[in-house]
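Numbers here simply count residues along the sequence, with the first being 1.
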Amino acid sequence: MAKKFYVVWAGRQTGIFTSWDVTKRSVDKFPQAKYKSFTTEAEAKAAFAKSPTSSIGKSAVSSASTSKSANKTAPSGTTKTANANQAVLSQFDVVIYTDGGCEPNPGKAGSGMAIYRQGVLAELWYGLFNPKGTNNTAELNALHQALLFAKQALEAGQTVQIMSDSQYSIKCVCEWAYGWKAKGWTRKAGDIANLEIIKPAHQLYDAMKDDLVLQHVAAHIGIEGNELADRMSIHAIEQQHKAFSQFSAPLDISKILALRTG
């Protein structure tokens, strides 16, 4: 049987998969799931970089005509192009970007978040300043806050995707935590760092995982939501803001992006 490549634009996990069983688990009973199979990896990568409407219901374009686009696409499960990011914004009612910063690492840490509703920037959040934090604690704190917001949105009947640029945070909360929990929150290698954040974040994720999409987004490549969350994390450090608060200044994107980066 010829190998197939499955593109999932909207599902519990998004990306490119070679297993139908994995793909089915991602899209089965998922509201407004969007997916399609392709015969070559190049076709699948090119399709994933575009909106699903350009591929679903149409024949796949030839690999020769898509090779240039395919070279620009992300590894499976990562949003790494503006086109792919725009597709996410158009598919979900609420999209939440998270980021954490630390200067130096370890050192002064803060978290940031950008919330889009119907594809439009709606809110920015910042805070959780820790004078003795790490980049990992800041990223986990941001993801935890995003999960709290996602819970509210899902309860209101909205579709939600969270975009984090921290592979560590995603794996801690969505993957490794299951093994740690099964062993009484222990591991052979020693203590689990940041467990006080991981446990409540994992509990939220586990309760929502059938309805929530959580995906990795490449950092500092110009994706607006990621960049805005980054600015908020640094703003939290500069203001030494310990609460997690909504950014009250006008949402002038160009001015906010001109703030110091992390």
Side-chain angles (χ1 to χ4, degrees), residues 10-15 22 25-31 33 77-78 88 92-102 109-116 123 125-130 132-217 225 229 232-233 236 242-246:
R12 295 180 184 87
Q13 266 190 291
T14 60
V22 172
R25 286 197 296 271
S26 179
V27 302
D28 190 33
K29 297 181 181 180
F30 185 86
T78 300
V88 169
F92 294 87
D93 297 323
V94 179
V95 180
I96 307 172
Y97 296 83
T98 73
D99 201 10
C102 192
S111 302
M113 186 166 71
I115 301 177
Y116 287 72
E123 301 169 26
W125 290 73
Y126 71 102
L128 304 178
F129 173 73
N130 182 349
K132 296 181 180 180
T134 67
N135 188 68
N136 285 342
T137 61
E139 294 278 11
L140 280 167
N141 274 327
L143 180 55
H144 182 208
Q145 292 299 318
L147 288 164
L148 291 169
F149 276 78
K151 183 175 185 293
Q152 295 177 359
L154 289 171
E155 288 174 347
Q158 299 172 309
T159 57
V160 186
Q161 176 149 336
I162 296 174
M163 308 284 274
S164 168
D165 67 8
S166 171
Q167 291 276 23
Y168 164 81
S169 296
I170 293 173
K171 288 184 180 295
C172 278
V173 171
C174 307
E175 183 179 336
W176 300 333
Y178 287 101
W180 295 334
K181 182 167 59 175
K183 297 175 182 177
W185 294 106
T186 61
R187 65 175 184 174
K188 292 181 179 179
D191 293 339
I192 302 168
N194 306 314
L195 195 57
E196 71 282 0
I197 312 171
I198 293 169
K199 288 176 72 173
H202 172 70
Q203 183 177 5
L204 282 166
Y205 171 75
D206 192 46
M208 299 185 290
K209 63 183 179 183
D210 289 342
D211 302 305
L212 174 71
V213 180
L214 202 164
Q215 186 177 2
H216 180 254
V217 61
M232 289 297 99
S233 70
K242 293 186 177 181
F244 199 65
S245 306
Q246 187 171 354

Do [X] and [Y] come within less than 4.5 Å of each other through their side chains, counting heavy atoms only?
X    : Y    : value
D210 : M208 : no
H202 : Y178 : yes
K199 : W185 : yes
V94  : I115 : yes
L214 : C174 : yes
M232 : D99  : no
F129 : F244 : no
V95  : Y97  : yes

Examine Y116 together with F92 and report whether their ring centres are nearer than 6.0 Å.
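Centroid distance Y116-F92: not below 6.0 Å, so no.
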Please assess C172 against W180 for the test side chain to side chain contact (heavy atoms under 4.5 Å, CB included), listing each intermediate value before the final yes or no.
CA-CA 9 Å; C172 278; W180 295 334; 4.0 Å; yes
Applying side chain to side chain donor-acceptor pair (under 3.5 Å), can you list everything that pairs with Q158, at least two apart in sequence or on another chain?
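With neighbours one apart ignored, the set is empty.
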Begin from the C-alpha positions of D165 and T98 and carry the test side chain to side chain contact (heavy atoms under 4.5 Å, CB included) through to its verdict.
CA-CA 7 Å; D165 67 8; T98 73; 5.9 Å; no
Between S169 and E139, is any side-chain donor less than 3.5 angstrom from a side-chain acceptor?
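There is no such pair (donor and acceptor under 3.5 Å, judged by atom type) between the side chains of S169 and E139.
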State the CD-CE distance between E123 and M113, to the nearest 0.5 angstrom.
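CE of M113 is found 7.5 Å from CD of E123.
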Donor-acceptor list for residues 141-156 side chains, cut-off 3.5 Å, not counting sequence neighbours:
| residue | atom | partner | partner atom | Å |
| --- | --- | --- | --- | --- |
| N141 | ND2 | T137 | O | 3.3 |
| K151 | NZ | E155 | OE2 | 2.6 |

How close do [X] and [Y] get, counting heavy atoms only, and between which atoms?
X    : Y    : answer
S233 : G110 : CB-O, 3.5 Å
A114 : G225 : CB-O, 3.8 Å
G100 : A138 : CA-CB, 3.7 Å
C102 : G133 : SG-O, 3.6 Å

Does [X] use its side chain to pair, donor to acceptor, with the backbone of [Y] at less than 3.5 Å?
X    : Y    : answer
H216 : T78  : no
S26  : R12  : yes
D93  : T159 : yes

A quick test of your reading: do over 12 heavy atoms of other residues, nucleotides or ligands sit less than 6.0 Å from CD of Q203?
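Open: at most 12 neighbouring heavy atoms sit under 6.0 Å from CD of Q203.
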Under the criterion side chain to side chain contact (heavy atoms under 4.5 Å, CB included), I'd like the reasoning laid out for I162 against L212: C-alpha separation, chi angles, the key distance, then a yes or no.
CA-CA 8 Å; I162 296 174; L212 174 71; 4.2 Å; yes
Listed by chain and number, what are the salt bridge (charged side-chain N to carboxylate O under 4.0 Å, His left out) partners of D206, not counting sequence neighbours?
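Listed in chain order: K181, K209.
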Run the side chain to side chain contact (heavy atoms under 4.5 Å, CB included) test on L140 and I198 for me, step by step, so that the C-alpha distance in whole Å, both residues' side-chain angles and the decisive distance to 0.1 Å come before the verdict.
CA-CA 7 Å; L140 280 167; I198 293 169; 3.9 Å; yes
